[in-house]
Amino acid sequence: MSEFTQGLDQMQPAEQTHCLEILPNQLAATSDSEKLYSLLTDYNFIEAKLSASGVQALIEDYDLATSPDIITSDEKADKLKLIQEAIRLSAHIIAKDKTQLAAQLIARLMRFEIPEIQALLAQAKQQKKPWLRPLTTSFTPPGGRLLRTLTGHTDWVQAVAIAPDGKRAVSASSDHNLKIWHLETGEELFTLKGHLTYVNAVAVTPDGTKVISGSWDNTIKIWNLATGTEILTLAGDTFAVEAVAVTPSGQQIISGSWDGSIKVWNLSTGEVIFNLKGHSSFVQSVAVTPDSKQLISGSGDNSIKVWNLETGKELFTLNGHADWVKSVAVTPDGEKIISGSYDGTVKAWSLSEQKQLFTLGKHGSFVQAVAVTPDGNRVISASGDKTLKVWNLATKQELFTFTNHIAPVNAVAVTPDGKRIVSGSSDKTLKVWHLEIGQENLSFAGHDDWVNAVAVTADGTKAISGSGDNSIKVWNLKNGQEICTIAGHQDWVKAIAITPDSKRVVSGSGDKTVKVWDLETGKEIFTLTGHADWVNSVAVTADGTMAISGSGDKTIKVWSLETGKELFTFFGHEDGIKAVAVIPDSKRIISASGDKTLKVWSLGKEKNILANLWNLAVKNLLFTLKGHESFVNAVAVTADGKWAISGGRENNLKVWNLSSRKEVFTLAGHGDAVTSVATVGNKVISVSDDNTLKVWDLLSREEIASFMGDSALKACAIAPDGVTIVAAEASGQVHFLRWEEGK
């Protein structure tokens with residue numbers, strides 16, 4: 001225990017809080033930089049300050065310490081900045097759950113072989129309570145361009161605008177709300193409620209006093225940026241609003257609608273000045289030249305139109321995109337238009353010459369948004385391929401790519417100083433990025449899409465994962481290093497199981513097939529066909545002779561792993577099968593379905609005539625468990641075969657007694673759908689779309705530890721040692737964790 005912690009433990013709670021709040025400032029005032037440096041590399045201080053004052057106060061301590069007049073050593077300042085940046089990258093997680101601090105610091109900093117940082121992490125590992133310790137660097141580390149993540153929206157982020165002071169950002173979402181954020185602290189300042197459906201567009205007036213929003217509820221709303229209160233609603237002859245802009249003069253609002261019209265409004269009176277018609281499809285984007293004289297619009301008719309804002313007349317049309325023009329922007333000198341299209345391209349056009357100049361490049365999917373830096377030198381594009389790209393407008397070269405979003409990026413804005421960008425995504429988050437500093441990508445091994453399934457070999461040496469990128473990856477369970485990638489499925493790999501001899505992998509896919517692979521060589525042994533929809537789950541019997549698959553076609557199929565032949569098919573569920581598990585006696589299986597039920601089936605291994613006759617009469621269906629109120633996504637059975645644990649959309653786990661065929665109790669605590677369940681001894685591990693993994697004790701019926709990811713957790717598995725856990729994210733990352741009992 002550190003000297004600081006020993007002293008702190010002797011204080012009363014009020015004294016502790018006071019000490020933690022004033023100590024860095026006191027040290028700064030006495031220029032005791034060595035003590036300050038020692039504190040800010042001490043895990044116990046970091047944890048205590050977080051508990052007393054919150055994450056932002058902790059981040060600000062590092063700002064104080066790294067000022068040149070406090071810590072004069074550049075080397076020490078750089079080390080503190082690494083720690084600070086790791087905390088800032090984790091802020092959206094530890095603000096929700098302070099107990100995640102140790103796991104976050106370890107997973108983000110373990111790659112840095114710096115004595116002070118390694119000492120800090122060694123302290124972090126000395127947790128008093130049970131916890132989950134990361135074994136690999138599975139979160140974005142400091143040193144890259146990602147600054148922080150903003151969470152709070154419950155649906156897609158559709159648009160982003162930044163206030164002229166560069167300190168506040170406004171986001172518009174499909175959750176019907178707008179949010180105002182403080183960019184320096186990441187704090188959510190206000191939620192603007194009033195729209196009745198999706199909010200698709202947002203702008204801020206040049207004087208920074210008002211927010212303009214457009215929605216599919218056919219209205220435009222004007223809000224007070226300082227207070228978050230609604231000032232005025234513009235409605236009447238508007239249609240579903242797709243785009244809004246404010247003229248640089250601050251006198252007019254421009255709106256583009258689903259009916260193909262563009263309206264110019266007087267911001268002071270709310271009256272319509274012009275109703276511009278000319279596009280033959282919806283208007284998805286609008287922008288205004290710096291002199292407020294011309295309006296540019298992009299449409300679903302694949303064209304860009306330029307209008308005279310003084311007369312309301314169409315000046316000319318620019319054609320060249322092969323699909324919807326989703327976004328337009330004007331360079332600060334008013335000479336060029338930048339456009340992004342559903343054809344995947346970013347194009348530059350000359351306003352004076354009325355023609356296309358060049359194509360900057362192409363994304364792997366539709367371009368949702370474009371922005372230009374204040375100096376006019378760079379263009380940022382946001383795409384459905386989950387990336388943002390930065391282009392040099394003069395050289396036409398791609399400079400770098402941002403890749404941390406896990407769903408289409410719908411919006412991008414640049415701060416007035418040109419140093420940061422803010423992006424909004426269908427993953428429900430906003431991300432703040434360094435534009436000027438930081439390495440392009442500090443990432444780690446993982447999949448390129450959702451990881452839907454994980455499994456661990458019985459010999460405890462390997463983990464296997466299956467992903468939406470259609471691949472299967474094999475990992476070294478001890479060090480988390482990728483061994484190889486197995487390719488062959490033509491759609492998402494939805495399910496993974498491993499034979500008891502650890503020699504073969506069974507996978508189920510969106511391509512409706514089940515494949516059996518040789519784990520040593522990566523070669524395909526069988527392709528099992530017969531399902532008419534996605535194969536969502538697979539399992540293997542304990543004797544390794546049978547594979548079981550559950551499909552969206554509502555059937556369960558049993559296959560011979562010796563011949564690759566289908567043995568039989570179970571019918572009875574009224575919706576798709578989400579999960580299957582083998583009961584340890586290998587004589588029965590249990591299935592979970594979208595029809596809200598679990599069913600227990602006989603595999604026909606009973607050795608008496610009466611049982612066989614009964615199976616024939618009931619078509620192998622032994623009994624049904626009812627009690628879930630929505631889809632059942634996951635099921636697992638304890639090693640003794642007594643209990644089944646299931647999870648679904650209603651956010652909790654149900655524990656069933658398989659002998660009495662009744663629900664015994666419920667484990668509540670997840671905030672979103674449960675996606676996967678695993679068991680070991682008297683413990684249950686569950687993961688959820690709420691980004692958390694939880695460990696439950698079946699005897700006490702309580703949650704005993706948790707781990708929080710950066711995105712929805714989709715799969716989990718436990719190694720034979722009972723303490724190594726593998727969890728998989730929608731981000732494509734695979735976390736390797738170790739259960740620690742605490743000191």
Side-chain angles (χ1 to χ4, degrees), residues 158-159 200-201 203 214 216 238-245 247 252-265 273-331 334-363 365-372 379-384 391 393 396 408 410-412:
Q158 298 280 29
N200 302 309
W216 274 9
T238 58
F239 200 63
V241 180
E242 284 283 318
V244 295
T247 57
Q252 290 117 16
I253 298 170
I254 317 297
S255 63
S257 295
W258 191 258
D259 63 0
S261 69
I262 302 163
K263 288 184 172 58
V264 182
W265 309 76
I273 302 169
F274 298 121
N275 188 0
L276 312 180
K277 296 184 178 180
H279 282 293
S280 60
S281 184
F282 39 82
V283 176
Q284 298 222 296
S285 54
V286 289
V288 182
T289 54
D291 60 9
S292 296
K293 292 181 178 180
Q294 292 176 308
L295 164 67
I296 294 89
S297 57
S299 170
D301 63 14
N302 306 355
S303 76
I304 299 165
K305 288 184 180 292
V306 181
W307 311 78
N308 185 314
L309 261 180
E310 295 176 336
T311 65
K313 301 295 184 182
E314 179 183 331
L315 298 177
F316 54 91
T317 298
L318 299 171
N319 293 304
H321 279 297
D323 209 329
W324 300 354
V325 180
K326 181 63 177 174
S327 182
V328 290
V330 182
T331 54
E335 294 180 1
K336 297 182 185 71
I337 300 168
I338 309 299
S339 60
S341 167
Y342 264 42
D343 63 15
T345 65
V346 180
K347 293 181 181 292
W349 312 76
S350 171
L351 258 174
S352 59
E353 298 175 25
Q354 303 181 15
K355 68 176 185 179
Q356 179 180 328
L357 296 175
F358 48 82
T359 298
L360 276 172
K362 190 170 185 177
H363 277 276
S365 184
F366 45 85
V367 178
Q368 290 277 70
V370 292
V372 182
V379 170
I380 300 98
S381 54
S383 171
W391 314 83
L393 194 53
K396 310 176 185 62
N410 304 320
V412 64

Item checked: Check: Ser365 side chain, Ser383 main-chain N or O, donor-acceptor pair, under 3.5 Å -> no
My understanding is that only residues two or more places apart in sequence, or in another chain, count here; which of them pass side chain to side chain contact (heavy atoms under 4.5 Å, CB included) with [X]?
X	answer
Ala201	Val244
Lys336	Thr331, Leu357, Leu393
Ala369	Ser327, Ala382, Val412
Ser352	Ser350

Pairing residues for [X] by the side-chain hydrogen bond (donor to acceptor under 3.5 Å, both in side chains) criterion, not counting sequence neighbours:
X	answer
Asn410	Gln368, Ser426
Trp349	Ser339
Ser297	His279, Trp307
Trp216	Glu242

Checklist line | Considering all heavy atoms, the nearest Tyr342-Val367 contact | finding: CD1-O, 4.2 Å
Next item on the list: State, to 0.1 Å, how close Asp323 and Asn302 come at their nearest heavy-atom pair, and which atoms those are.
Entry: C-OD1, 3.0 Å
Checklist line | Over-ring placement of Lys396 relative to Phe358, 6.0 Å and 45° cut-offs | finding: yes
Qualifying salt bridge (charged side-chain N to carboxylate O under 4.0 Å, His left out) pairs, either residue in [range], two or more places apart:
range	value
residues 341-353	Glu353-Lys355
residues 300-309	Lys305-Glu314
residues 282-296	none

Next item on the list: May I ask you to decide if the ring planes of His363 and Trp391 are parallel, tilted or perpendicular, using 30° and 60° as cut-offs?
Entry: perpendicular
Note to self: Suppose we screen for ring pair (Phe, Tyr, Trp, His ring centres under 6.0 Å). Which residues come up paired with Phe274, at least two apart in sequence or across chains?
What the structure shows: none
